[in-house]
Amino acid sequence: MIPLSVPNISGNEWTYIKECLDTSWVSSVGSYVDKFEQSLCDFTGAKHAVSTVNGSAALHISMLLAGVEQNDYVIVPNITFIASVNTITYLKASPILMDVDKDTWQMDLDLLEEFLSTKTVIKDNACIHKETNRVIRCVMPVHVLGNMCNMKRLMQIANTFMIKVVEDATESLGSYYNNQHSGTFGLFGCISFNGNKIITTGGGGMILTNDEKLAKRAKHITTQAKSDSFEYIHDEIGYNYRLVNILAAMGVAQMEQLPKFLIRKEEVYNLYINSFNAINGFKEQIITDGVKQNNWLQTFVFPDSKDLMKKLTDEKIQVRPFWVPMNQLQMFNKEIYVSINDIAGSIYNTCVSIPCSTGITNQEVEKVISSILGFYK
Ligand SMILES: *Cc1c(COP(=O)(O)O)cnc(C)c1O
């Protein structure tokens, strides 16, 4: 089988993890946790990085520290992986689902701006949704598939309407807008090291922030909020959300290979694009002006996508449909969905993700290409 997107473990992973085992530094304190956090700061330019058990935990804590409370709203694109929206509900807040741009598949900023201009008022330095009288505390741009929206404009909109920005950068390690790394624009940015992401620790996440106080708070609250170095005194409700040293060791080894992974992702992407442009009705995600993307999960619009997926699966080529839009899921179908033409729904219906592991061989890429071209003959 040619898998969709699997880990590439070809560097110092074994050496660094063995060192953890040999020295018994396996848990949430250890030099690799610090090294991994530092390597994320070095790579992204963020001033602070706090590692977490996964990307979802990073989102949960970031929104908590951004001040999201019960009954607040958080604006999130209608096309995303479920974790973005689930974590909003962990804080007893609700999502406002924003439709996406038909070309870039990121949150539609025209729609966002229009919604905020017509449906909200500013009161006591907070953005109030007029109809429900609830506070819109946060907007969460999700850098879907490693692309980004116009972050300069998004930040301007958020500032105008006094809304905090928490970036879901879980898919966009290695993506930049105007040479600034994703996850470093908002108050917080969250990275994921889940098994299918561009680098992996099996499971893991990272909170990025430029605010020293908030970074300290993030570290504190993810380690059960213990406030005394000796006595078990805790000064607030905390979480056991820190990444363990063994996994951080794997992360350090993966970060060493990230530049190589990014190059390979781009090569594979170009091979695909050059071949598929001949297909009538084929479309690629349009990359926003100023964005350098990481080509994380290669997802394209193919005509007759359902039949194509069946054929590829039969030929042992792993494929995935896009995420079902959040407004179509039973937990969220009563939430506010801001949309004119339900672009999210039509993108979902036509998109297919195809194999793009960083370890994929050119021969495997050729097999995927000839199988897809064969389908349209
Ligand atoms: C992977 C992902 C997450 C969650 O990360 P985990 O590490 O799996 O918890 C959140 N949002 C999006 C868009 C993702 O792709």
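Both counts, for ligands and for their atoms, begin at 1 and track the order of listing.
- Between Phe81 and ligand 1, not a single N/O pair is under 3.5 Å apart.
- Within ligand 1, the atoms closer than 4.0 Å to a non-hydrogen atom of Asn54 are 7 (O), 9 (O), numbered from 1 in the order shown.
- Taking a cut-off of under 4.0 Å to the non-hydrogen atoms of Thr80, the atoms of ligand 1 that pass are 13 (C).
- Within the listing of ligand 1, atoms 11 (N), 13 (C) sit less than 4.0 angstrom from a heavy atom of Ser84.
- The closest donor-acceptor contact from the side chain of Gln293 to the backbone of Asn147 lies at 3.5 Å or more, if one exists at all.
- The closest donor-acceptor contact from the side chain of Arg137 to the backbone of Cys127 lies at 3.5 Å or more, if one exists at all.
- Between Glu267 and Arg264 there is a salt bridge, since a side-chain N of the basic residue sits under 4.0 Å from a carboxylate O of the acidic one.
- In the model, Thr170 has no side-chain atom that pairs as donor or acceptor with a side-chain atom of Ser192 under 3.5 Å.
- Residues Asp211 and Lys216 are not paired through a salt bridge, judged by the lack of any N-O separation under 4.0 Å between the basic side chain and the carboxylate.
- Residue, atom and distance of the protein heavy atom nearest to atom 5 (O) of ligand 1 are Ser192 OG, 3.3 Å.
- Residue contacts with ligand 1 for Asp168 involve side-chain atoms from C-beta outward but no N, CA, C or O (heavy atoms, distance under 4.0 Å).
- Counting heavy-atom neighbours within 6.0 Å of Glu236 CD, excluding the residue itself, gives a total above 12.
- Of all the atoms in ligand 1, the ones that sit under 4.0 Å from a non-hydrogen atom of Asn194 are 7 (O), 8 (O).
- Protein heavy atom nearest atom 15 (O) of ligand 1, with residue, atom name and distance: Glu171 OE2, 2.5 Å.
- Within ligand 1, counting atoms from 1 as listed, the ones closer than 4.0 Å to a heavy atom of Lys197 are 1 (C), 2 (C), 14 (C), 15 (O).
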